[in-house]
Amino acid sequence: MKLAVIADLHANLTATLAVHADIKRRGIQDIWVLGDLVGKGPRPREVVEWVEAHSNVVVMGNWDARVAGASNRPQDVWPRAQLSKGQLEYLSGLDFAHEEIFGNMLWRFVHASSKSVFHRVYPHSSLPDQREMFYPQLERGLTEFADAVVYADVHEALMLDVEGRPLLNTGSVGNPLDTVLASYLILEFENTGYSVSFARVLYDREIEIAVAEKSGMPFAREYAQELRTGRYQKRRAKT
Ligand SMILES: [Mn+2]
């Protein structure tokens with residue numbers, strides 16, 4: 001079985017469609033989405049529509065929770081206003097995690113960590129923090145130790161070995177913060193084991209920046225900077 005695992009689309013339709021074309025070109029049928037469909041970018045409605053049409057597994061991200069919830073930050077209120085009632089219900093109904101056995105390994109898929117969509121685990125986080133990604137979390141319905149964890153959230157593609165267990169990060173489709181290329185993971189499972197590839201896709205980010213600048217969305221300037229540089233820009237409230 002061959003699987004494309006994508007995440008952090010962040011309402012960037014141009015990047016999402018470029019990644020979709022790349023996935024199709026490789027003949028991959030299954031697309032799993034690890035959250036943050038919306039937030040930061042200009043086209044939340046179109047990207048949620050795309051995810052509903054093309055993916056088989058979707059888990060919730062921190063931005064999905066805030067946008068579909070009651071947050072009053074401008075960057076959450078704006079996308080909320082672009083989405084239909086049905087799309088907001090879809091986002092708030094997303095699962096926290098997905099687990100599946102491939103070969104003899106239990107693979108866990110979450111957005112940010114096994115504890116919460118708001119609990120961030122960095123490549124440089126402590127070993128106890130990384131180790132916790134594999135633990136059961138009974139309040140989240142995760143009853144077993146995982147053998148492998150795939151996550152997203154930090155917008156940096158990554159593969160770490162945590163005491164013999166793989167900890168993989170997809171990187172970000174719509175808002176990469178390690179390079180400017182859209183990023184996703186390809187997992188291939190065989191009886192004899194598995195393989196992991198990191199895909200990077202060039203897309204026309206100026207198209208999405210132009211849409212953002214016309215859209216009236218908050219923090220369009222910071223967004224454009226992030227797409228052009230692949231570096232995080234602080235959002236400061238206007239005074
Ligand atoms: Mn994100």
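Remember, it's 1-based here, ligands and their atoms both numbered in the order they're listed. Side-chain atoms are counted along with the backbone in the values below, which use heavy atoms only and exclude waters and symmetry mates.
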Please walk me through it: do H111 and M60 pass side chain to side chain contact (heavy atoms under 4.5 Å, CB included)?
-> CA-CA 7 Å; H111 177 70; M60 187 186 290; over 6 Å; no

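D30 meets the side chain to side chain contact (heavy atoms under 4.5 Å, CB included) test with M1, L3, W32, N56; sequence neighbours excluded.
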Name every donor-acceptor pair, under 3.5 Å, that has one atom in a side chain of residues 213-220 and the other anywhere in the protein, sequence neighbours excluded.
from: S215; atom 1: OG; to: A212; atom 2: O; distance (Å): 2.7
from: S215; atom 1: OG; to: M217; atom 2: N; distance (Å): 3.0

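Through direct or relayed side-chain contacts under 4.5 Å between Ile, Leu, Val, Met, Phe, Trp and Tyr, Y232 connects to L177.
Taking the charged nitrogens against the carboxylate oxygens, R235 and E226 do have a contact shorter than 4.0 Å, which makes a salt bridge.
Around the Mn ion (ligand 1), the protein atoms of type N, O or S that sit closer than 2.8 Å are D8 OD1, H10 NE2, D36 OD2, H155 NE2.
Checked by atom type and distance alone, the side chain of D64 pairs as donor or acceptor with a backbone atom of G61 at under 3.5 Å.
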